[in-house]
Every structure is written in C-alpha cells, then in structure tokens.
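Working notes, structure below.
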Amino acid sequence: MVRPLEHDPKPLLAALRGEPTARRPVWIMRQAGRYLPEYREFRKSHSFKALSGDAELAAEVTLMPLRRFELDAAIVFADIMSPMPALGIDFDFDPGPVVADPIRDRRGVERLRRPNPDPDAVAPEVMTALRITRGELPENVALLGFCGAPWTLAAYLVEGRGVKDFPTLRAFAAERPELLDALLSRLSDLMGRYLIAQAEAGADAVQIFDSWAGLLSLADWQKLIKPHLQSLLETVGAAGIPRIMFVQNAPHLIDAYAKLPAEAIATDWRMDLGQLQSRYPERAVQGNIDPAVLLAGPEATAERTRHLLDSVAPDGHIVNLGHGILPTTPVASVEALIEAVHGEVRLDIAAGRA
Ligand code: CP3
C-alpha cells in the first residue's frame, strides 16, 4: 500500500510518531565533540567546563556538526552533570565527571540544596544555549535537549567518578536502599523540571541517557530504579514533550526499558534493533551502529549502515550510533554513514510521489 508522506518539516519528530519520512532521520550521539578538528581547535583555548558554561560558545559548538554534515538533529552542548550545581554539588571533569565530596551517607543526601523554583534556574547557561541554537537552525532540523537518568547521575554522585562496574554504588544500593531511594527521587524531580525548562527554551524532544543502567539485576532495577525513571518519563510526557530513552549495555533489561513510557527506545550496538522493533511496534527505535566500526573507515561504515537499514523497518527508525562517537573517528566515516542513509531509496514513498 502506498503511504502518504508526512508533513512535519522535522523528519525526526515524524519518526518519533512512527510516521513515514522521505528518508530516515540521522544524528550522532556526542556529535559536537572531540573528533571534529574545529572543536579541537576551540579546546586549545577553552576547557570543556568553560565551553559548556558559556552559552554563546556552547551554541557555537552545538552547531559545528550541523555546518559540516546534513544531520536531522542538533543536541545542545552540555554534560549530564550540567544541572548538578542546582543541588549544590561541586564537581570537575578529568576527563569524565569527578565529584569533590561523593554522597555516601544520610548527611550527603540531606545536604542537597532545595532548587530554586524558577525553571530557568537549573543550568541557566543551557537554557540560553538552547535559545541561541534554536534561532540558528533551519526549520527541518530538530533541537534535542537531554539529561542523565537518575541512576546514571547517582552513579557519579555516589562513586565520585566513572570506574569499572561502580562497586561503591552497588554496595550503597545494597546497604542503604532507603538513601538511594531518597537520592533518586531528588534527581528524578530535578530532571523533570530541567527537561521541561529545556523544551520551553526551544528543545523539540529530549533524550534521557541511562548509560549505566545495566549494573543491577532486573529484580533490583524493578525495585530501586524503575519507579524514579517511570515518574520522570511521565512528568515529561504529561508536558507533551517527545521522549527518547537511551539504555546502554543492559540486554537483561531491554524489555523492561522498552515498556517504559517513551516515544522511542535507543540502544547500544549489542541489541538487534530490528527484533526490538518487531516486539514493540508502537515504539520508535534509535540506533545502533557500533561507534568502533567508524574507526575501520568509510567503506566498513557504509556497509554496516546499509546492513542496519536492511534489518530495521524505516518508519519510526532514527539512525544513530549505539553510543557516543569515539575521539579518533575519521570525519570521512561520519560522511559515509550519512551518505548511506541518504542513499536509501524508499520505493514505497517514491511510488506514492509518481
Ligand atoms: O556517553 C554517554 O554514555 C552519554 C551520557 C553521558 C554524557 N556525559 C553526555 C554528554 C555520560 C555518561 C557523561 C559523563 C561524562 N562526562 C564522560 C564519560 C566518561 C566517564 O569518565 O564517566 C565524560 C568524558 C564527560 C565530560 C565531557 N562531556 C566532555 C569532555 C565532553 C565534551 C565533548 C567530548 O565528547 O569530549 C562532554 C560532552 C557531552 N557529554 C555531551 C553529552 C550528550 C555533549 C553533546 C555532544 O557532544 O554532542
């Protein structure tokens, strides 16, 4: 059957509704970062904190990949830790987040600051960067806001920095589940307000990054993590904001994540995205090329991309990597990925146009 072309000028938003698009939308996680020569040039004179803390510079970096590639979304240049000053948390980057005084006891949770009720007060520089970026983007490019999921944020707040398997965090979850619950609840409330403020500042949709989702068993996830993630997603959904739920390295949790209230589920490269799509036809899917494949060069990248296009049905598929792009990625591989997506001929839609 011939299906009509969508009329939304932003293909990414149409895909989030599961509607057909002339071609699949594509963007790349961490697309503004370190693999771009013009970004590395900027970094010679500014630290990451200085860049993301200055709205003008952050907007400029956000737009860098859009100037080079035909991408369907811009993602605001910030970090999952950017809203943490609203809770009074002191941290730095080396190169990942390092928290000065990690949360390990009741005092740590109780000393968290009650955030200012003004919606723009959570990371005001991110709100300004979104407003500037919005004004510069063409009509067909979606602007994405984002945040860390409560558990992934708690991982840094409790462990103090990113370490393999986060043992201090897992011990905290086992020893002080009531404190973890209180911490996740504070984070979930703050992220709900933060995402709504980002939408008010111009974000068309938001992505929630649960990069460290897979650390606990399904049973512990259901008990400790899920209620807070569910309430965050419901808050954002009630405000009418389309949601992309990204989950990394958690094959044992994938069905639980796919059942959460979100328009799209985004996964890493370990999952078969086509199979996930068949199991949850009501969800859009995003992903999921292995970022390491791009290191193998443009030909390998184009081949993998075509394979992905063959194995995932086009409607409701947003092409992306399965995790952030790696610093040593050749720009030519990014070009090859986007060209392969643009080269796909949608016979059903072409027939509808003829
Ligand atoms: O990668 C993911 O899993 C996505 C979620 C996530 C982000 N930051 C989003 C982000 C996570 C887990 C972090 C923590 C973090 N922060 C790390 C990971 C490694 C660790 O040690 O735990 C790092 C290296 C940082 C610091 C950071 N964030 C730098 C130096 C940069 C600049 C660009 C770069 O990639 O080098 C960022 C930017 C950043 N972090 C973005 C996002 C969505 C910006 C958007 C973009 O680059 O497109």
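Start at 1 and go down the list; that is how both ligands and their atoms are numbered. Hydrogens, waters and symmetry mates play no part in the numbers below; they use all other heavy atoms, side chains included.
- Classification of the Phe91-Phe93 ring pair by plane angle, with boundaries at 30° and 60°, yields perpendicular.
- If you check which protein heavy atom lies closest to atom 32 (C) of ligand 1, you get Tyr39 OH, 3.2 Å.
- Heavy atoms of His323 come nearer than 4.0 angstrom to ligand 1 in at least one pair.
- A salt bridge links Arg279 with Asp255; the closest basic N to acidic carboxylate O contact falls under 4.0 Å.
- Closest to atom 21 (O) of ligand 1, if we only count protein heavy atoms, is Gly96 CA, 3.4 Å.
- Without hydrogens or angle criteria, Asp268 side chain to Asn249 main chain gives a donor-acceptor distance under 3.5 Å.
- Between Ser211 and ligand 1, a contact under 3.5 Å exists for at least one N or O pair.
- Near Gly33, the atoms of ligand 1 lying under 4.0 angstrom from a non-hydrogen atom of the residue are 33 (C), 47 (O).
- When the heavy-atom distances from atom 4 (C) of ligand 1 to Phe77, Phe209, Phe48, Phe91 are ranked, the shortest goes to Phe209.
- Taking every non-hydrogen atom of Ile75 and a distance limit under 4.0 Å, the qualifying atoms of ligand 1 come out as 48 (O).
- To the nearest 0.5 Å, atom OG1 of residue Thr329 and atom CD of residue Gln31 are 13.0 Å apart.
- Closest protein heavy atom to atom 1 (O) of ligand 1: Arg30 NH1, 2.9 Å.
- Nearest to atom 34 (C) of ligand 1 among the protein's heavy atoms is Arg34 CD, 2.8 Å.
- The shortest heavy-atom distance from Ala78 to ligand 1 is under 4.0 Å.
- Residue contacts with ligand 1, taken as heavy atom pairs separated by less than 4.0 Å, do not involve Phe246 at all.
- Ring orientation note: the planes of Phe166 and Tyr156 are nearly perpendicular, at an angle over 60° on the 30°/60° scale.
- Interatomic distance, Gln277 CD to Asp272 CG, rounded to the nearest 0.5 Å: 10.0 Å.
- The residue from Val61, Ile80, Leu144, Asn249 that puts a heavy atom closest to atom 9 (C) of ligand 1 is Ile80.
- Taking distance alone, with nitrogen or oxygen atoms compared against 3.5 Å, Tyr156 approaches ligand 1 more closely than that limit.
- Note on ring orientation: taking the six-membered ring where Trp is involved, the planes of Phe209 and Phe246 are perpendicular (angle over 60°, cut-offs 30° and 60°).
- If you take NZ on Lys49 and OG on Ser82, they are separated by 9.5 Å, rounding to the nearest 0.5 Å.
- Proximity to Phe146 (heavy-atom distance under 4.0 Å) selects the following atoms of ligand 1: 42 (C), 43 (C).
- Remark: minimum distance from atom 45 (C) of ligand 1 to any protein heavy atom is reached at Val76 O, 4.0 Å.
- Among protein heavy atoms, atom 40 (N) of ligand 1 sits closest to Asp79 OD1, 3.0 Å.
- Close to ligand 1: Gln31, with a non-hydrogen atom less than 4.0 angstrom away.
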Applying side chain to side chain contact (heavy atoms under 4.5 Å, CB included), run through Asp101 and Arg111 and close with a yes or a no. CA-CA 11 Å; Asp101 191 3; Arg111 70 165 193 248; 3.3 Å; yes
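- Residues Leu71 and Val331 share a hydrophobic cluster, clusters being chains of Ile/Leu/Val/Met/Phe/Trp/Tyr side chains in contact below 4.5 Å.
- Distance from atom 26 (C) of ligand 1 to its nearest protein heavy atom, with residue and atom name: Pro95 O, 3.2 Å.
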